[in-house]
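Here's the structure we're looking at; comments come further down.
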Amino acid sequence: MANWAGNFGNAAVAALILAFASATVAAEHPEITKRRAGERKAFTDTEIIDGFVKLTLGSELQIAGRSDRIRKFDVPVRVFIDNRAKPDRSQQIAETVADIKRKVQHLDIAVTAQRSDANMIVTLVRDRDLGKTIRSIYGRERARSIQKSLEPQCLSSFRRDETFRIVQAQVILVADAGDFVFYDCAYEEMLQALGPINDDPSVPWSMFNDNVHLGFFGIYDQYILNLLYHPRMRVGMTVTDVRAVLPGVLPEVRAFVAEINSLPP
């Protein structure tokens, strides 16, 4: 895994979403089922807060200057799916977007059929075309830096403004590497494109750790994203700001994550 730092609602979009919703849902991959069964679901406040600071206030590849601030979208996120591969995994991406929307309380995210309306582009490619696609999106020199530093299987990045608001995100996913790899990449990269762009090996419960592969949106990462998109967690906050806010926000986030996952209060 790797990362690197309009109006909506027409007939075409409605038809697209309806088609996805009515499609037959494939059985879950056995590796995902096994990981769900073994998932840790209870965490202390200290474990959640420590992980949040590490994952949201750093960057795995720092080439755009200072990164020790909260970065996130502060507008609705509209996702355009640019399929360039077989199998066509557009349906799975739409399902992933819907799952993220359901599990992050204050995040407005949805698929759009219009590229011009999108502030997140998900590009689906064949494995053999990954390098070429990275070069076409980022340019030859920047692509060389990305591939040398990260050696990616899949990739996410975002562009922020001077106030640390994310204004555009890119996700590149390989569609023909198998179901488990696809879902593992899709969740990690799309979630990281929302702001927690840092991979940290000291956070063992998060998929934002190159040694952890889940294939689904786990409980711990739901805490991270719900904290990030809570209205009191503002763009541009420093570590000191974040630590002052987190104790007051965490009880509300705990209650939501418990409810959505049928966990004990």
Side-chain angles (χ1 to χ4, degrees), residues 1-5 35-36 38-62 64-74 99-100 103-107 149-150 156-158 160 164-166 169 184-185 187-261 263-265:
M1 314 303 170
N3 55 65
W4 184 59
R35 283 162 171 75
R36 283 191 195 277
E39 179 187 18
R40 180 178 168 185
K41 298 180 179 179
F43 301 94
T44 67
D45 287 358
T46 298
E47 288 169 335
I48 295 170
I49 290 172
D50 180 65
F52 180 81
V53 169
K54 289 176 177 177
L55 298 170
T56 63
L57 292 163
S59 178
E60 185 178 8
L61 180 59
Q62 297 186 34
R66 187 177 60 183
S67 60
D68 56 342
R69 300 293 184 100
I70 288 294
R71 296 148 294 177
K72 66 177 183 177
F73 287 96
D74 68 349
D99 189 41
I100 292 170
K103 292 176 179 173
V104 183
Q105 185 175 20
H106 298 290
L107 174 64
S149 300
L150 301 175
S156 60
S157 66
F158 56 68
R160 61 168 177 81
F164 296 90
R165 291 175 172 83
I166 299 175
D184 191 46
C185 275
Y187 274 104
E188 178 179 354
E189 304 303 342
M190 292 181 70
L191 290 171
Q192 289 197 301
L194 293 170
I197 203 70
N198 195 38
D199 277 312
D200 194 309
S202 70
V203 186
W205 317 285
S206 173
M207 70 172 64
F208 310 142
N209 175 338
D210 287 338
N211 299 315
V212 176
H213 304 286
L214 297 178
F216 63 95
F217 192 1
I219 300 296
Y220 187 83
D221 291 324
Q222 290 178 44
Y223 284 126
I224 301 303
L225 269 295
N226 274 283
L227 286 171
L228 181 60
Y229 277 87
H230 192 280
R232 290 183 61 191
M233 194 65 62
R234 298 188 304 278
V235 172
M237 278 185 163
T238 65
V239 173
T240 301
D241 298 330
V242 166
R243 289 194 179 278
V245 166
L246 279 172
V249 170
L250 190 51
E252 181 182 333
V253 167
R254 279 193 176 278
F256 175 77
V257 173
E259 179 182 5
I260 205 71
N261 292 281
L263 300 176

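The chain is numbered in sequence order, starting from 1.
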Heavy atoms of Asn211 and Pro201 approach each other most closely as ND2-CB, 4.4 Å
In terms of heavy-atom contacts, Ala193 and Phe73 come closest through O-CE1, 3.6 Å
State the [atom1]-[atom2] distance between [X] and [Y], to the nearest 0.5 angstrom.
X	Y	atom1	atom2	result
Ile48	Ser206	CD1	OG	12.0 Å
Asp74	Arg165	CG	CZ	4.5 Å
Asp45	Arg254	CG	CZ	4.5 Å
Thr56	Met237	OG1	CE	11.0 Å
Gln192	Ile197	CD	CD1	5.0 Å
Lys54	Asn209	NZ	CG	10.5 Å

Fill in: Residue that, paired with Tyr187, satisfies side-chain contact (heavy atoms from CB on, under 4.5 Å) out of Asp99, Leu214, Asp221
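Answer after filtering Asp99, Leu214, Asp221: Asp99.
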- Query: Does the cation-pi check pass for Arg36 over Phe216, that is, NZ or CZ under 6.0 Å from the six-membered ring centre and within 45° of its axis?
  - Reply: yes
Does the [X] side chain pair with the main chain of [Y], one donor and one acceptor, at a distance under 3.5 Å?
X	Y	value
Asp200	Gly51	no
Lys41	Leu263	no
Asp50	Thr46	no
Gln105	Asn226	no

Original post:
Relative to each other, are the rings of Tyr220 and Trp205 parallel, tilted or perpendicular (30° and 60° limits)?
Top reply: tilted
Would you call the rings of His106 and His230 parallel, tilted or perpendicular, taking 30° and 60° as the class edges? perpendicular
Using a cut-off of 6.0 Å, state whether more than 12 heavy atoms not belonging to Arg234 lie near its atom CZ.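 At most 12 heavy atoms, drawn from other residues, nucleotides or ligands, come within 6.0 Å of this atom.
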Answer yes or no: does atom CD of Glu39 have more than 12 heavy-atom neighbours from other residues, nucleotides or ligands under 6.0 Å? yes
**Item:** Residue pair Val235, Arg69: steps toward the side-chain contact (heavy atoms from CB on, under 4.5 Å) verdict
**Value:** CA-CA 8 Å; Val235 172; Arg69 300 293 184 100; over 6 Å; no
Report yes if some heavy atom in the side chain of [X] is under 4.5 Å from a heavy atom in the side chain of [Y]; otherwise report no.
X	Y	result
Phe208	Asn198	no
Pro196	Leu225	yes
Ile100	Leu194	yes

Open item on the list: Test side-chain contact (heavy atoms from CB on, under 4.5 Å) on Phe43 and Ile219; report intermediate values, then the result.
Closed with: CA-CA 9 Å; Phe43 301 94; Ile219 300 296; 4.3 Å; yes
Do NZ/NE/NH1/NH2 and the carboxylate oxygens of Arg232 and Glu252 come within less than 4.0 Å?
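Salt bridge between Arg232 and Glu252, a charged N being under 4.0 Å from a carboxylate O: no.
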Self-check item: Asp241 and Thr238: CA distance, side-chain angles, deciding distance, side-chain contact (heavy atoms from CB on, under 4.5 Å) verdict
Solution: CA-CA 5 Å; Asp241 298 330; Thr238 65; 3.0 Å; yes
Query raised in the report: Stepwise, does the side-chain contact (heavy atoms from CB on, under 4.5 Å) test hold for Phe52 with Ile70?
Result: CA-CA 10 Å; Phe52 180 81; Ile70 288 294; 4.0 Å; yes
